[in-house]
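One structure is given here, and the rest of the page talks about it.
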Amino acid sequence: MPGGDISDLDKNRALVEWLRYQLRHAEKRVRELESAEQAERRRSGRARAEQMWKIQPKRSAETALLHRGGCGLYKSGALIDREAAIAALCEPDIAPCDVCAPETGLRQEQAPP
């Protein structure tokens, strides 16, 4: 090290440490962005489910139930659109869920035949 200069080895060690810091920072940011993206997908899925309905099949002596898409009492089942939900409510063997009240907004917006 003539004249007090920093050696090439020390410069490269400092560069490696700085690059490691940058990599840690970039990886942390990627994890944050992935987490935010997953949360947005979940929110979007819940919002979509709230605009849809689902039918819980009949079990033994019980009647089949129509639920809002986001009802927690029946978590599985395929989502159906508004027209199918209206048709389901007209069926004598399908009743609306007492908890999520899926008929709210369906019957009052029906157009007269």
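L73 places a side-chain heavy atom less than 4.5 Å from the side chain of C97. For the pair D10 and R13, the minimum side-chain heavy-atom distance is below 4.5 Å. In this structure the side chain of W53 never reaches within 4.5 angstrom of the side chain of H67, judged on heavy atoms. When side chains are defined from C-beta on, P96 counts as touching L89, because their heavy atoms get closer than 4.5 Å. A heavy-atom distance below 4.5 Å is not found between the side chains of T63 and I94. Looking only at side-chain heavy atoms (C-beta outward), T104 and R68 come within less than 4.5 Å of each other.
Of the charged side-chain nitrogens involved, at least one lies within less than 4.0 Å of a carboxylate oxygen, so that R43 and E40 count as a salt-bridged pair. Salt bridge present: E17 and R20 bring a charged side-chain N and a carboxylate O closer than 4.0 Å.
Within a 6.0 Å radius of CZ in R41, other residues, nucleotides and ligands contribute more than 12 heavy atoms. Taking a 6.0 Å sphere around CG of D81, one finds it holds more than 12 heavy atoms contributed by other residues, nucleotides or ligands.
Note that CG of D8 and CG of L15 are 11.5 Å apart. Values are rounded to the nearest 0.5 Å. The distance from the CZ atom of R24 to the CG atom of L19 is 11.0 Å, given to the nearest 0.5 Å. The structure places CD1 of I55 at 11.0 Å from CG of L79, a figure rounded to the nearest 0.5 Å. Taking NE2 of H25 as the reference point, atom OH of Y21 lies at 6.0 Å (rounded to 0.5 Å).
Looking at K54, its side chain never comes within 3.5 Å of a backbone N or O of I80 through a donor-acceptor pair.
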